[in-house]
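It should be emphasised that the depicted structure is a prediction, and the values quoted were computed from it without experimental measurement.
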Amino acid sequence: MTTEPDPGPEPVPLPGSPEPPGEDRPRVTCRMCGRPLRDRQARLWGLGVECREKLALRTAPAPGRWDVEQEALPGL
């Protein structure tokens with residue numbers, strides 16, 4: 001009686017590696033407009049390029065940093 005060796009866990013691609021071609025991936029759609037997402041960055045965000053640009057226009061810019069003049073703390 002022969003037993004097959006355990007193949008082990010499914011291999012996981014390294015971060016930043018090119019995507020393997022294949023049609024077996026599930027279809028992922030944009031959360032805003034519902035169009036299919038084609039690139040890795042869009043699937044990670046769940047948003048297409050155009051929708052990410054629209055959201056970037058809606059966000060407020062980060063406030064600037066200003067030095068505040070203040071007196072020295074006593075005892076230092």
Side-chain angles (χ1 to χ4, degrees):
M1 181 155 105
T2 60
T3 60
E4 304 243 349
D6 183 26
E10 186 71 25
V12 177
L14 294 173
S17 63
E19 296 181 32
E23 302 299 324
D24 57 340
R25 289 187 304 215
R27 182 176 178 170
V28 181
T29 57
C30 178
R31 291 182 292 174
M32 281 183 67
C33 65
R35 288 186 275 182
L37 301 177
R38 302 196 189 312
D39 64 335
R40 177 182 290 263
Q41 191 70 21
R43 285 194 302 274
L44 288 173
W45 279 82
L47 296 168
V49 176
E50 297 87 7
C51 292
R52 277 185 281 153
E53 288 174 359
K54 289 176 190 175
L55 285 177
L57 295 175
R58 293 182 193 169
T59 58
R65 293 187 152 279
W66 293 280
D67 291 331
V68 178
E69 293 184 25
Q70 62 186 29
E71 298 176 13
L73 296 173
L76 292 180

Problem set entry | Remaining members of the apolar cluster that contains Val28, side-chain heavy atoms under 4.5 Å | Leu37

Seminar exercise, completed: Heavy-atom closest pair (Arg52 atom, Leu47 atom, distance to 0.1 Å) is NE-O, 3.4 Å

For this session: Can you see which heavy atom on Arg31 is nearest to which on Trp45, and at what distance?
Result: NH2-O, 2.7 Å

Seminar exercise, completed: Scanning both residues in full, the closest heavy-atom pair of Cys30 with Gly48 reads SG-N, 3.5 Å

For this session: Output all residues satisfying side-chain contact (heavy atoms from CB on, under 4.5 Å) with Arg35, sequence neighbours left out; order by chain, then residue number.
Result: Cys33, Glu50

